[in-house]
Protein chains: 2
Amino acid sequence: MTKTADGKMGDGKTGEAPTMNDVARRAGVSAMTVSRALKEGSHVSKATRERITQAINELGYVLDQSAGSLSSRRTGFVAAIIPSINNSNFSDTARGITDALEGTGLQLLLGYTNYSVEREEELIEAMLRRRPEGIILTGGAHTPRGRRMLEQAGIPVIETWDTPADPIDKVVGFSNGAAMELLVETLAAKGYERFGYIGGTTARDTRGSQRRGGFVRALERLGLPSDRVISFGVPPISMEQGAQAVVSMLERWPDTQVALCVSDLSAFGALMECQRRGMKVPDDIAIAGFGDYEIAACCHPRMTTINVDCYGIGRQAALKLTQTIQGMATEEPERITLTDFRVVEREST
Amino acid sequence: MTKTADGKMGDGKTGEAPTMNDVARRAGVSAMTVSRALKEGSHVSKATRERITQAINELGYVLDQSAGSLSSRRTGFVAAIIPSINNSNFSDTARGITDALEGTGLQLLLGYTNYSVEREEELIEAMLRRRPEGIILTGGAHTPRGRRMLEQAGIPVIETWDTPADPIDKVVGFSNGAAMELLVETLAAKGYERFGYIGGTTARDTRGSQRRGGFVRALERLGLPSDRVISFGVPPISMEQGAQAVVSMLERWPDTQVALCVSDLSAFGALMECQRRGMKVPDDIAIAGFGDYEIAACCHPRMTTINVDCYGIGRQAALKLTQTIQGMATEEPERITLTDFRVVEREST
DNA sequence: ACCTGTGATGTTATCGCTATCATCAATAGG
DNA sequence: CCTATTGATGATAGCGATAACATCACAGGT
């Protein structure tokens, strides 16, 4: 591999990238000392450190962490897998993870599945090949092979956004079903009786089907009709699909008093569609969402929804991860952490 | 390193993770053959491959790619740095990248800066330490040190979402200023004369300030007043800030006919706020956004905006990257690719 | 002056994999 | 039947860093 004018960098130096040895030679020290100089809390004399820093700058050297992690057996990153980056609930969780990782020397490697467990399996494998020090997943539904890989990986695994019946390792989440039940109860207490539900078609979105389950359970318990369920579109369902779904719902059950939606996005679509048709919300029909996205607090009328501590889920998951990784002399963190949710009542109900 | 009961995995096997040598021993072949069996297009006999596959399954072996890439000098990933994952424009770009990478054996490592160039610099360094085979950035504004690192990295660098005056390497983007000019011209042609602009305060968001620049330029060219500019909040400005900004604007210049916003999100906030105050859009005031987010097509009234090919930016950036990486015997791809944008006229103007 | 502890550095041996070259058998071509 | 070609496999030598141990100099206590 002596080929050289191959890097094709616009300008700047040509040739192979400098290694730690190049730096060491230039600074007149051994590679080991360079390695130490690049690490916090190592004993390197001030003069030497300065020479090394200078050599690094002159050469434009950048540490090769992949080589380092092979040797130190620490890759310095954790993996997180979320359904979609294009959903602010999950990206809030990702922010929570990043923030909690700040200062731990760990970096986040993010992947997204588009709500597909098959894609999740691929991602799990791709991630594990890079030897993360821990992995955070969304939900408790995995392929059998994905699950097996996680169990055998020998790293802490955290499932989030859910309360799986049979967790792989640790969990930070809440019961989506219970949250929806609470919403139904809150609204029933206000006098609503004829509830409709708008969600996606398949069981692909496990959180979605749990929400639907909660909807049905709560109504049955209250002795109210629980059959007004519209399944529309492949999850995650969009604003536009929410709009279309509410139309179907009103055609089929014109006297529906309140439409609960699997997420704020579809709820928003429904809300706008109702206004477009000249219906008054909440007088003609009430609408509530799930997730407390930015849009729920800002639309007109402002929307009732379930607030979920998305950011906190990420933060706590990452915290639990770093605690486990660092061994935490004292004790292992709790296996299961339940996060808060609450009904946010606004003008749309 | 004989310590063993240390992995602390919930259940499953204990002990060190199996290596390729363990697999090789179990399958009765050499490690090299295992390595070949794990790679497409290598000559391994069917019988051997089966034995190896079986051994892999029995041991639960997962390839250690970080060791592999040290040896092969190919890490198999590309880095992308975006301002925010919580913004569907950029996450669409990320999707475009992922999709274009599909089947190339390259994986995406995503980082986000929260619109901070300092954070970008940190991320660039963190990424380069892992030796990506290429890197995709958002915008052309970097710290001097960040820029230097990119220039010296010896890998293809693609700046996107912008048309930097002095690109580092390759570019896939569009002129944010020109796009805003086009929007102003389109609306001026409909007869609007008193334009206002709502955006963030600082120059931190370079795309935002270019849009503002385009707004001013177009109005000056048309001989219309260009001073109705509200700067509100640190970019990226939220829906809520858009709502507050439009209030300031109407207090200061009550006869404003049309409010252009730095993004659909702030435009949406403004739109809702106007309705809350009983103003009719577009009769009392027209509103337009930028970005053509999902919300623009779905809100009521539907919003006029600039559609930008976010997904295409990602796709083309990744394509250009893989072409460069693979050498493309024939020729280097174009240095600069301009992507499309267009005005989408809807009911809000 | 002697011992000890500590800071600053170097040496050596991997980490787990793959590039490369070498080997040997089987197949094909003349 | 002999040589050239290809396929299947193995042996060896790193890739670029760091862990672990080894030195060596020097400060301080007695």
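Proteins get letters first, then strands, A, B, ... in listed order; numbering begins at 1 in each.
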Salt bridge (Lys or Arg N to Asp or Glu O under 4.0 Å) assessment of E159(B) paired with K170(B):
CA-CA 6 Å; E159(B) 290 165 289; K170(B) 304 197 174 60; over 6 Å; no
Salt bridge (Lys or Arg N to Asp or Glu O under 4.0 Å) between R315(A) and D99(A): does it pass, once the steps are laid out?
CA-CA 7 Å; R315(A) 244 185 71 81; D99(A) 289 357; over 6 Å; no
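Rounding to whole angstrom units, CG of residue L70(A) and C1' of dG14(D) are separated by 12 Å. Distance R73(B) CZ to dC15(D) P: 8 Å, rounded to the nearest Å. For H43(A) and dC26(D), the NE2 to C1' distance is 15 Å, given to the nearest whole Å. Counting to the nearest Å, the C1' atom of dG10(C) and the CE atom of M20(A) are 15 Å from each other. Rounded to an integer number of Å, the gap from CD of E16(B) to P of dT14(C) is 15 Å. One atom, CG of L38(B), and another, C1' of dA19(C), lie 16 Å apart when rounded to the nearest Å. Taking atom CE of M32(B) as the reference point, atom P of dT9(D) lies 12 Å away to the nearest angstrom. Between the CZ atom of R74(A) and the P atom of dT18(D) there is a distance of 13 Å, rounded to whole Å.
For the ring-ring contact (aromatic ring centres under 6.0 Å, His included) test with F90(A), the passing option among Y112(A), Y311(A), W161(A) is W161(A); the others fail.
The residue among R131(B) and V44(B) whose nearest nucleotide of DNA chain D lies closer to the 5′ end is V44(B). The nearest heavy atom of DNA chain D to K46(B) and to G68(B) marks one nucleotide each, and the one closer to the 5' end goes with K46(B).
Among the atoms of the strands shown, base atoms are found under 4.0 Å from some heavy atom of S30(A). Using a 4.0 Å heavy-atom distance criterion, T48(B) is classed as a sugar-phosphate-only contact.
For dG16(C), the base has no donor-acceptor partner in the side chain of T19(B) [N/O atoms by modelled type, under 3.5 angstrom]. Between the side chain of R36(A) and the base of dG10(C), a donor-acceptor pair under 3.5 Å is found. One cannot find a donor-acceptor pair under 3.5 Å joining the base of dT18(C) and the side-chain atoms of S72(B).
Phosphate contact (OP1/OP2 of dT18(C), side-chain N/O of S35(B), threshold under 4.0 Å): present. At dG16(D), none of the side-chain N or O atoms of Y61(A) fall inside 4.0 Å of OP1 or OP2 (strictly under the cut-off). The phosphate of dG10(C) has OP1 or OP2 within less than 4.0 Å of a side-chain N or O from T33(A). The phosphate of dT9(C) (OP1 or OP2) has a side-chain N or O of S45(A) nearer than 4.0 angstrom.
The CD1 atom of I168(A) sits 6.0 Å away from the CD atom of E151(A) when rounded to the nearest 0.5 Å.
With respect to E122(A) and R119(A), a salt bridge is recorded, a charged nitrogen being found less than 4.0 Å from a carboxylate O.
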